[in-house]
Amino acid sequence: MPRTPRRRNIAPPREDVLAAVMGTVAERGLDGLTMAGLGREVGMSSGHLLYYFRTKDELLLQTLEWSEARLGTERRALLAGPGTARERLDACIALYVTDGHRDPHWTLRLEVWNRSQDADDDARARQAAIEDAWQGDLTELLTDGIAAGRTATRLRALMDGFSVHVTVGIPGTGRQQVLDQLRTYVDETLTPPGAGTPAADVAPGF
C-alpha cells in the first residue's frame, strides 16, 4: 500500500506574517500579540515563527521595518509630487504624525524603542536607518537653507514627542492639535528674512 505523502508545513509569505502582527496590534494592542496566537492566525506553530524570526524582538523590528518601508514609498511620492515646498512639507508632517491613540505603527515603534536598551549593534543600526531615512528626506525638502539639517532635526524631535503623547493617550492632546502646533513651528522657523525670524534658520522656497 503506497504511503500517504507527509504534509509539509509551508510557511506563509513573510509579508503576511508582518501584516498579521500589525493587524493584531491594531485590534488588541501589544498585550494581545503572542507567538502562539500569531501562529494560529497565519497557520504556523510558535516554534516555526521562532525558527524564521528567532525572537519576538526581531519579529517586532522586522514588522516596524516593513511598515516604515511602506511609509517611505508614500513619503517619496509626496516629496516628488506637485505643490510648493511648504505644501509638501505639511503633507510629510501629516504622514509622520501618529493617527491617534494606539496607532498600531506608533505603538509598535514605541515598543521597539523601549526594547532597544538591550538590542545588539545590528538592531540598533537598523533602527538608526529608519530614523535616518526621515531625517534625510526632511533635510532634502528643506534644502538650500543654511540650517536645513538643524531645522529637520528639531522638527523631527517635535514630531516624535507630540506623536508619543497622542499615541499613549495623554489627555488634552490630539492629532489635529499636534498638526496645528507643528504648522505654527514651521511658520515661525521658516519665515522669510525680514519678517522677524533670524536668517540662519531660514530655508528658501517656503
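Residues take their numbers from the sequence shown, with the count starting at 1.
A side-chain donor-acceptor contact under 3.5 Å links Gln177 to the backbone of Gly172. For Ser45 (side chain) and His48 (main-chain N/O), a donor-acceptor pair under 3.5 Å exists by modelled atom type. No donor-acceptor distance shorter than 3.5 angstrom exists from the side chain of Thr167 to the backbone of Thr107, with no hydrogens or angles considered.
No salt bridge links Glu74 with Arg70; every basic N to acidic carboxylate O contact stays at or beyond 4.0 Å. A salt bridge does not link Asp187 with Arg183: none of the charged nitrogens is closer than 4.0 Å to a carboxylate oxygen. Using a cut-off of 4.0 Å between Lys/Arg side-chain N and Asp/Glu carboxylate O, Asp99 and Arg175 are scored as salt-bridged. A salt bridge links Arg126 with Glu58: the closest approach of a Lys/Arg side-chain nitrogen to an acidic carboxylate oxygen falls below 4.0 angstrom.
Taking CZ from Phe162 and CG from Leu179, the interatomic distance works out to 10.0 Å, rounded to the nearest 0.5 Å. Asp137 contributes atom CG, which lies 11.0 Å from atom CG of Leu142 (distance to the nearest 0.5 angstrom). Going from atom CD of Glu188 over to atom OG1 of Thr184 covers 6.0 Å, rounded to the nearest 0.5 Å. A distance of 6.0 Å separates CG in Leu155 from CG in Leu89, rounded to the nearest 0.5 Å. Here the OG1-NZ distance, from Thr34 to Lys56, works out to 7.0 Å after rounding to the nearest 0.5 Å. Distance check, rounded to the nearest 0.5 Å: CD of Glu131 to CD of Gln127 gives 8.0 Å.
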**OP:** Could you walk me through whether Leu71 and Leu95 pass the side-chain contact (heavy atoms from CB on, under 4.5 Å) test, one step at a time?
**Re:** CA-CA 8 Å; Leu71 284 177; Leu95 181 64; 3.6 Å; yes
Original post:
Does the side-chain contact (heavy atoms from CB on, under 4.5 Å) test come out yes or no for Leu59 and Met35, once each step is laid out?
Top reply: CA-CA 10 Å; Leu59 173 64; Met35 299 301 273; 3.7 Å; yes
Original post:
For Val112 and Asp57, what are the C-alpha separation, side-chain angles and deciding distance, and is it a side-chain contact (heavy atoms from CB on, under 4.5 Å)?
Top reply: CA-CA 7 Å; Val112 170; Asp57 284 4; over 6 Å; no
**OP:** Mind running side-chain contact (heavy atoms from CB on, under 4.5 Å) on Leu79 and Glu140 for me, showing each step along the way?
**Re:** CA-CA 9 Å; Leu79 296 178; Glu140 183 176 345; 6.0 Å; no
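Between Val186 and Ile93, the closest side-chain pair of non-hydrogen atoms falls below 4.5 Å. Inter-residue side-chain proximity for Leu64 and His105 is flagged as met; some heavy-atom pair is nearer than 4.5 Å. Between Ser163 and Val178, the closest side-chain pair of non-hydrogen atoms is not below 4.5 Å. In this structure, the side chains of Asp160 and Trp113 come closer than 4.5 Å at one or more pairs of heavy atoms. Side-chain contact between Leu138 and Met159 is present, with at least one heavy-atom pair separated by less than 4.5 Å. Val17 has its side chain within reach of Leu49: a pair of non-hydrogen atoms, C-beta onward, lies under 4.5 Å apart.
Residue-environment remark: CG (Asp120) exceeds the threshold of 12 foreign heavy atoms within 6.0 Å. Crowding of Asp121 atom CG: a count of heavy atoms from other residues, nucleotides or ligands under 6.0 Å not exceeding 12.
Leu108 pairs with exactly one of Thr63, Leu61, Leu33 by the side chain to side chain contact (heavy atoms under 4.5 Å, CB included) rule, that one being Thr63.
Summarising the geometry of Gly100 relative to Val166, their closest heavy-atom pair is CA-CG1, 3.6 Å, with the distance given to 0.1 Å. Between Arg75 and Ala133, the closest heavy-atom pair is NH2-CB, 3.6 Å. Between Ala152 and Thr139, the shortest heavy-atom distance links the atoms CB-OG1, 3.5 Å. Across all their heavy atoms, Ser116 and Arg124 have their closest contact at O-NH2, 2.9 Å. Taking all atoms of both residues into account, the shortest heavy-atom contact from Gly81 to Arg88 is O-CD, 3.4 Å. Among all heavy-atom pairs drawn from Leu141 and Ala85, the shortest one is CD1-O, 4.0 Å.
A search for ring pair (Phe, Tyr, Trp, His ring centres under 6.0 Å) contacts involving Trp66 returns nothing, not counting sequence neighbours. Trp134 meets the ring pair (Phe, Tyr, Trp, His ring centres under 6.0 Å) test with Tyr96; sequence neighbours excluded.
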